[in-house]
Amino acid sequence: MSADPGRTPREATRRATLRVVVTGPECTGKTTLARRLATRFAAPCVSEQARLYAAAHSRPLHATDVEPIALGFLAAQAIATREVPPLLVLDTDLVSTVVYARHYYGACAAWIEDEARRRTADLYLLHLPDVPWIPEPGQREGADRRAEQLALFRAELAAIDAPVVEIAGGWELREERAVTAVERLVLRAGLGGQVP
């Protein structure tokens, strides 16, 4: 399906596949919720590329890894949308790449920032750090840095005028709020009959 040249990339993408991004600070349940949403809505799910990349390289990440991670995300999203599903769930996207590159390395490649703006999703479920910190392999910072990370996410999502629903509370409440937000998005898009 080719995009209408008179439409912006974001509008053209909306027409093809609604994209919901689960994002936010470290260790806030993003991956678990992304998988549950994908199951609930029978949607494909793009895994967090930084996590996959770190696991494949078995070493701490460096600034030179940011661009390969971004390219991995673009490739994974292209594969996931090849058959134009009505809904796609993303366990983070390029906004996360931008935020974490700035947070850890002080800067992000301009092309990644441009692509993050160009590919703004239809909904961002921004996780607040109000759940217990559960350390995971590859996590470099503790719970005390999550508030700082949240501020960076809020600023970047506001800068690109992204549609955001903040996800807070206990695990069950987080899932309920996320499901409700996705259901509202699906209804607004007129896809009620296409998405379970």
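From a predicted model like this one, the values you see are computed outputs, not experimental measurements.
Taking all atoms of both residues into account, the shortest heavy-atom contact from R117 to I160 is CG-CG2, 3.3 Å. Residues V21 and A121 come closest through the heavy atom pair CG2-CB, 3.5 Å. Nearest heavy-atom pair across W111 and A70 is CH2-CB, 3.8 Å. Among all heavy-atom pairs drawn from T92 and S96, the shortest one is CB-OG, 3.3 Å. Residues F73 and L94 come closest through the heavy atom pair CD2-CG, 3.6 Å. The two residues R51 and T31 make their nearest non-hydrogen contact at NH2-OG1, 3.1 Å.
At least one donor-acceptor pair closer than 3.5 Å links the side chain of Q49 to the backbone N or O of S47. Remark: side-chain polar atoms of H103 are not paired, donor with acceptor, to backbone N or O of V99 under 3.5 angstrom. Not one N or O on the side chain of R177 forms a donor-acceptor pair closer than 3.5 Å with the backbone of L125. A donor-acceptor contact shorter than 3.5 Å is absent between the side chain of R19 and the backbone of Y124.
Looking at V95 and L157, their side chains come closer than 4.5 Å, going by heavy atoms from C-beta outward. Two residues are said to be in side-chain contact when any heavy atoms from C-beta on lie closer than 4.5 Å; T28 and L33 fail this criterion. Counting only heavy atoms from C-beta outward, the side chains of V131 and R174 approach each other to under 4.5 Å.
The CG atom of D93 sits 10.0 Å away from atom CG of L74, with the distance rounded to the nearest 0.5 Å.
Salt-bridge annotation for R188 and D122: absent, with no side-chain N of the basic residue lying under 4.0 Å from a carboxylate O of the acidic one. Checked for salt-bridge contact, R40 and E175 miss the test: no charged N lies under 4.0 Å from a carboxylate O. Under a 4.0 Å N-O distance rule, the pair E26/R145 does not qualify as a salt bridge.
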For this session: For L173 and E176, run side chain to side chain contact (heavy atoms under 4.5 Å, CB included): C-alpha distance rounded to whole Å, both residues' side-chain angles, the deciding distance at 0.1 Å, then the answer.
Result: CA-CA 5 Å; L173 183 56; E176 288 173 15; 4.0 Å; yes
Problem set entry | Chi angles and distances behind the side chain to side chain contact (heavy atoms under 4.5 Å, CB included) call for E48, L52 | CA-CA 7 Å; E48 180 186 354; L52 296 176; over 6 Å; no
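Shown here is R36, whose CZ atom has no more than 12 heavy atoms of other residues, nucleotides or ligands within 6.0 Å.
Below 30°, between 30° and 60°, or above 60°: for Y100 and Y104 the angle between ring planes is below 30°, a parallel geometry.
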